[in-house]
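Bear in mind the structure is a predicted one, so any value in this text is a computation, not a measurement. Chain letters run A, B, ... following the sequence lines, proteins first, then strands; residues in each count from 1.
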Amino acid sequence: MAKSSAKINPYSAVGIVAAQSLGEPGTQMTMRTFHYAGVAEHVPTGLPRLIELVDAKKEPKKSVVEVKLLKEHSSKESHAKALAKEMESVLLSEVALLQEDMAAGRILLKLREEDAKLFGVSIDMLKEAVKKTVGANKVEQRGNKISVRLKESKEKEKPLKELRKLTIKLRKALVKGISGIKRSVVIKEKGEYFIRASGCNIKDIMKLKKVDPSRIYTNSVMEIEKTFGIEAARNAIVREMHSVMELQGLAIDIRHIMLLADAMTSDGKVKSIGRHGLSGEKAGVMGRAAFEETIKHLVHASIVAEDDNLVGVTENIIVGQTIPIGTGRIKLGMKAKKK
Amino acid sequence: MAKKKTATKKKASKKESKTAIKKSTKKSAKKKSTEKINSAVYVNGNLQGFHPDGAALAARLREKRRMNELNYEVNVFFNDRTNEVFISTDGGRVRKPYVVVEEGKSRLTPEVLNRVRSGALSWEHLVKMGVIEYLDAEEEENALIALTEEEITPEHTHFEVLSSTIFGVTSSVLPYPEHNSAPRITMACSMAKQSLGLYAVNFNHRFDTRAYIMYYPQKPLVSTDLYKSLNMENKAAGQNFVVAITAYKGYNMGDGTVVNRNSIDRGLGRAMMLKTYETEERLYPGGQKDKIEVPTPDVVGYRGEEAYKYLDEDGIVFPESQVTGKDVLVGKTSPPRFLEEISVFGVVEEKKRESSLSLKSGERGCIDSVMVTEAPSGNRLVKIKVRSPKVPEVGDKFASRHGQKGVIGLLLKQEDMPFTQDGIVPDLILNPHAIPSRMTAGHLLETLGGKASALGGMLMDGTAFSGNTEQDYEKVLKENGFDEHGEEWLYDGISGQKMKVKLFIGPVYYQRLHHLVSNKMHVRSRGPVQLLTLQPTEGRAREGGLRFGEMERDCLIGYGASMVIRERLLEESDKTIQLVCNKCGMFAYHDFVKNKEVCPLCGSEDISPIEMSYAFKLLLGEIRSMFIFPRIILKDKA
């Protein structure tokens with residue numbers, strides 16, 4: 001009895017109801033934002049975050065990753081701190097001084113001892129990083145200085161331009177840590193130490209020792225889709241949206257959010273809601289034209305002689321027919337007599 | 001300009017460059033410069049030069065102004081945070097007079113005051129003597145202003161000429177603003193502008209487009225100094241209502257009020273609306289002209305004899321005739337819009353158009369006066385003033401002078417209203433919930449003051465900071481044998497039983513605001529449609545419907561109520577039946593000569609009548625007009 005009463009009726013407009021259930025509390029959402037404990041950076045919550053999720057942005061404004069340690073290490077703060085330091089990325093320009101010697105066609109690098117000590121970077125690590133980025137060019141080391149000489153080539157007419165390109169590349173070279181991870185903080189919760197860091201790179205973090213790969217989480221839906229696939233991305237959307245709503249103190253049935261997430265992920269990749277995503281892919285010309293970019297759709301339809309089979313709600317309202325939803329979908333049928 | 005010289009004389013500082021930033025190492029200590037930096041001096045916003053001591057400069061300029069060596073309109077402001085002196089001599093600054101205080105002593109000494117009293121000194125003299133000076137918004141920042149003379153300490157620089165002048169003109173008219181919360185004062189000020197009263201004494205001779213006149217305005221029992229100085233007592237905009245504070249019959253919930261019907265019958269809150277209609281005999285290119293006359297039945301668009309029954313021979317209504325609905329006020333005929341075809345006899349037959357001026361639908365009133373003049377263009381112009389009495393009814397808006405607005409929720413017969421042991425019946429019953437959250441204690445104090453005023457036989461003063469006090473009122477009430485807190489035992493008007501608690505009752509000045517139900521109420525079941533789309537018109541003036549918008553539509557979709565949507569958006573709106581060709585999908589037509597339905601494109605006679613919205617038909621038409629051919633492909637319903 002309970003099960004059958006929980007079922008939704010056939011031809012119910014679940015999409016509209018979900019949209020209203022999410023949209024109406026959205027109007028009440030304040031622009032007031034709540035702060036994550038720990039990471040000093042501002043992670044968007046509330047309405048901006050909701051828009052971000054629905055728009056399926058490639059990169060969220062501020063992505064955050066939560067890394068938990070394997071159970072046997074998680075109670076020790078020192079382990080967590082060490083791991084946090086290991087994760088933080090250090091760029092070459094942060095520990096070394098770069099100088100271009102245009103005449104000789106080489107770049108001089110000098111390790112800044114103070115900074116290097118602070119970040120725990122040695123001259124060998126620097127050399128390794130330089131070697132990785134410069135490729136075929138010659139690398140020499142003398143004390144705490146490294147010089148990169150451009151390899152000679154005949155066809156290249158502009159060695160200066162090459163040199164400048166290489167310098168820029170070198171500046172951004174990763175010396176240590178995981179690329180994309182900027183700041184990290186160790187947080188204690190429920191007797192367990194874990195790390196919250198800005199930026200995300202799940203693939204590389206999972207490879208680290210002491211990291212529990214089954215308990216890693218990020219707020220970047222795209223990153224999750226990239227590493228774990230579409231089902232995980234769908235769950236991430238549900239989880240993120242639900243947490244935004246909960247943070248604002250708005251009670252929304254999770255099934256509305258699940259429906260939205262399902263719609264966004266149904267064809268194997270995360271789609272946005274809006275003219276570049278779901279609404280832009282509606283079947284009917286008139287339905288799309290009624291939403292946004294009216295002229296674009298009408299012009300396109302007339303060029304390729306598009307058909308509109310009047311399957312959607314909007315199309316039928318425009319034309320003036322009963323809409324194919326709810327009572328409008330029910331039809332009376334009769335079995336023909338067998339002869 | 002004397003002061004400009006003082007400012008420009010000062011040489012620009014050369015020591016500016018000394019603060020060049022050194023290359024700082026982490027360990028280098030910061031040096032604090034002990035040298036005093038010169039103050040920048042601005043005149044009317046432009047940098048004029050520098051002065052070693054800005055504060056002293058400002059003080060000296062003020063001194064000169066008080067000695068009348070500098071014009072009294074000059075203001076000086078020294079900003080000690082940014083070390084800048086601003087001297088203003090330009091226009092557009094709002095300034096306010098203050099009495100100057102020096103070393104804790106007012107410059108308005110008893111001797112000076114006596115000379116003012118005797119008439120030897122005028123205001124201008126006081127300004128020139130430096131007793132009173134005008135400060136602008138900037139210079140005010142440098143001043144410490146006492147509210148009254150008694151409050152002066154050695155730090156004070158000025159004191160208020162009158163303590164209630166810290167309020168503006170509109171709020172100075174309100175009684176006891178210092179007892180109310182600020183938002184309520186703002187609301188009271190804006191509502192006072194909407195009140196009905198005697199807006200002009202010559203209203204009888206004026207032809208304002210729309211005006212309201214209250215029948216019996218009264219001067220308030222509790223008023224203010226400024227109210228009297230503005231001569232508002234003689235053009236009042238309100239009446240003293242006897243107000244009891246209690247819930248009654250559940251009809252005064254949420255800013256509703258219960259009003260005594262008999263009071264209204266005696267003229268309480270009664271007003272009239274004066275509305276002017278006008279029309280002009282316009283000139284058309286070609287020398288044709290409108291004519292004001294009683295239209296004859298041969299005029300195109302003749303409205304029938306009944307419509308013109310109030311017109312005089314000259315085509316204009318009789319004054320004092322009672323008009324309603326769409327009655328014609330001025331009969332007018334215009335020349336035809338297009339030239340007529342030449343008739344069989346070769347004579348151009350002029351068929352005139354009807355273009356009379358009529359009363360707006362739903363209105364009723366009496367013709368107050370008629371004016372026939374000349375428009376600026378030289379055409380004959382007729383103005384007609386219609387007067388409609390507006391008796392307070394359920395839904396009309398009233399407000400006290402404390403931001404306490406409300407609408408009439410119930411008109412109750414006097415015998416059903418509660419009454420005091422003296423037989424006083426309130427005119428209006430206010431809900432007690434209106435008071436605490438809004439913090440309008442001034443309303444209660446006015447009630448008390450009104451009661452004391454009525455019993456003591458004198459008008460009370462509610463000027464901010466200086467008006468009559470609660471103690472004054474309590475004394476008067478006590479002397480007259482009333483409860484000193486203004487509370488009285490009341491008896492239920494219906495059962496006659498004594499109420500369980502004493503009620504707070506007394507006269508309060510109430511304003512009738514010009515939001516009248518009779519000017520706003522609107523219904524439509526059937527009515528006019530727009531010419532282009534055949535959809536219902538919008539707005540009360542056009543007898544329109546209420547828009548059933550996109551979000552409303554979404555709700556019905558949410559319910560799955562397809563048939564309701566169809567009814568709202570099609571059947572009750574712009575439903576049309578169009579002929580569509582089954583072969584090519586083009587709109588077809590009915591050929592009345594052959595009595596056949598024909599497709600104009602392919603000539604097919606296989607045609608179906610299709611039900612659709614007229615807006616859709618228009619859309620297809622517009623698309624076709626751009627050389628795009630949308631086809632309607634028809635299918636039998638499965």
Proximal component of B/Ile557, with respect to chain A [non-hydrogen, under 4.5 Å]: both
Counting only heavy atoms closer than 4.5 Å, note whether B/Arg553 contacts chain A via side chain, backbone, both or neither. side chain
Considering only heavy atoms from C-beta outward, does the side chain of A/Lys296 approach that of A/Arg275 to under 4.5 Å? no
B/Gln404 side chain reached by B/Ile435 side chain, heavy atoms, under 4.5 Å: yes
Any carboxylate oxygen within less than 4.0 angstrom of a Lys/Arg side-chain nitrogen, looking at A/Glu52 and A/Arg49? yes
A/Arg234/A/Asp262 ion pair, N-O < 4.0 Å: yes
Output yes when B/Arg81 and B/Glu141 qualify as a salt bridge under the 4.0 Å nitrogen-oxygen rule, no when they do not. no
Got a salt bridge between B/Glu611 and B/Arg566, using NZ or NE/NH1/NH2 to carboxylate O under 4.0 Å? yes
Under 3.5 Å, is there a donor-acceptor pair between the side chain of B/Asp591 and the main chain of B/Val598? no
Go through the atoms of B/Ala615 and report whether side chain, backbone, both or neither lie under 4.5 Å from a heavy atom of chain A. neither
Looking only at heavy atoms, which of residues 311-328 of chain A get nearer than 4.5 Å to chain B? A/Val313, A/Thr314, A/Ile317, A/Ile318, A/Val319, A/Gly320, A/Gln321, A/Thr322, A/Ile323, A/Ile325, A/Gly326, A/Thr327, A/Gly328
